[in-house]
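For reference, the structure discussed in these notes is given below.
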Amino acid sequence: MASVDDVILETRALSKRFGGLEAVRSVDFRLERGELRAIIGPNGAGKTTFVSMISGRIRPSSGRIIFEGRDITKMKAHDRAGMGIVYTFQIINIFRNLSVYENVSLAVQRRLASGRAGIFRVDEEELHREVDAILKRIGLRDAAEQEAGSLPYGHQRLLDIGLALALNPKLLILDEPMQGLAINEIDEVMRMIRELHRERTILLIEHNMQVVLELAKKITVMDKGSIIAEGTPEEIEGNIEVQKVYLGL
Ligand SMILES: Nc1ncnc2c1ncn2[C@@H]1O[C@H](COP(=O)(O)OP(=O)(O)OP(=O)(O)O)[C@@H](O)[C@H]1O
Ligand SMILES: [Mg+2]
């Protein structure tokens, strides 16, 4: 069990300005190891911008990001991935013309080769074992030879998550994984997120309230670039401020 103050990620006064717009305003945020935290908030609240700064895709205007006690504010995205911070985009990011197997294989090879200079020879057997394990994990073993772009949308999302898994993250950040999915597909992805959570910390941005209330033990609510509430699903559901901005009441 994680101890009470085993903080895996912290942001201090983290801000991002796009010209005159303050997309993220001085956000202080703490995430404990082993949590499955949801971030919710209306469109444009700054959720994607916030996690993009954590993953290193966007540079903060000011503030700090601490991961496992280390200041990573200035670190490049691929170095952060190497440390265990992996982010899946709001938009599905797979090689549509390659097979499911090839997609996962490339991601695993990327991890195996990272940090090694020069020509790197992969151990084919080890590679195959890892790819197969991930395919099994995401339930796409039977679709291994299919072209990724021809998969049903929900399975493309599972593959997308599989590619993140191939990097063996300690902190997995999922940006609206349920977007565009049918109800039965949502159930499938939810089941997978729950299973992944057994081994890693998850930060989940999600609009679907039902999903959030079911999955997360703690919810952070953003609006206009700031955190306006944080608490258990019950606390958040009962929070008047949240109801006003998020539920449009
Ligand atoms: N690259 C950019 N350049 C300029 N403005 C941006 C950029 N990225 C985001 N913004 C603006 O910053 C604000 C926050 O956007 P962000 O995408 O972080 O919101 P979000 O909470 O993820 O919204 P959604 O729920 O729609 O995904 C919005 O007003 C958006 O238009
Ligand atoms: Mg977003």
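We count ligands from 1, going down the list as the structure has it; atoms in each ligand are counted the same way. Since the structure is predicted, the reported quantities are computational estimates derived from the model, not experimental observations.
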Whether E130 and R111 form a salt bridge (side-chain N of Lys/Arg under 4.0 Å from carboxylate O of Asp/Glu) is what I want to check. yes
Heavy-atom nearest option to atom 29 (O) of ligand 1, drawn from L21, I205, V51: L21
Between Q146 (side chain) and S99 (backbone), is there a donor-acceptor pair under 3.5 Å? no
Sub-4.0 Å heavy-atom approach of E176 to ligand 1: yes
Closest protein heavy atom to atom 25 (O) of ligand 1, given as residue, atom name and distance to 0.1 Å: K47 NZ, 2.7 Å
Answer yes or no: is there a donor N or O on one side and an acceptor on the other, between the side chain of T73 and the main chain of I65, under 3.5 Å? yes
Looking at atom 27 (O) of ligand 1, what's its closest protein heavy atom, distance included? Q90 NE2, 3.0 Å
For S52 and Y87, work out which heavy atoms get closest and say how close. OG-OH, 3.7 Å
Are the side chain of E214 and the backbone of V211 linked by a donor-acceptor contact shorter than 3.5 Å? no
If you take the nearest heavy atom of each of T48, T49, N43, which one is closest to atom 24 (P) of ligand 1? N43
Quick look: H207 vs ligand 1, heavy-atom contacts under 4.0 Å, and the answer is side chain
Are E68 and R33 within salt-bridge range, i.e. N to O under 4.0 Å? yes
Of the listed options (G20, G46, P42), which comes nearest to atom 19 (O) of ligand 1 when hydrogens are ignored and any heavy atom counts? G46
Distance from atom 1 (N) of ligand 1 to nearest protein heavy atom, with residue and atom: F18 CE2, 3.6 Å
Do I227 and V221 touch side chain to side chain, with heavy atoms closer than 4.5 Å? no
Is a side-chain N or O of E35 found less than 3.5 angstrom from the main chain of E32, in a donor-acceptor match? yes
Heavy atom of the protein closest to atom 14 (C) of ligand 1 (residue, atom name, distance): G44 O, 3.4 Å
Does the N or O separation between A45 and ligand 1 drop below 3.5 Å for any pair? yes
Is any N, O or S atom of T48 under 2.8 Å away from the Mg ion (ligand 2)? yes
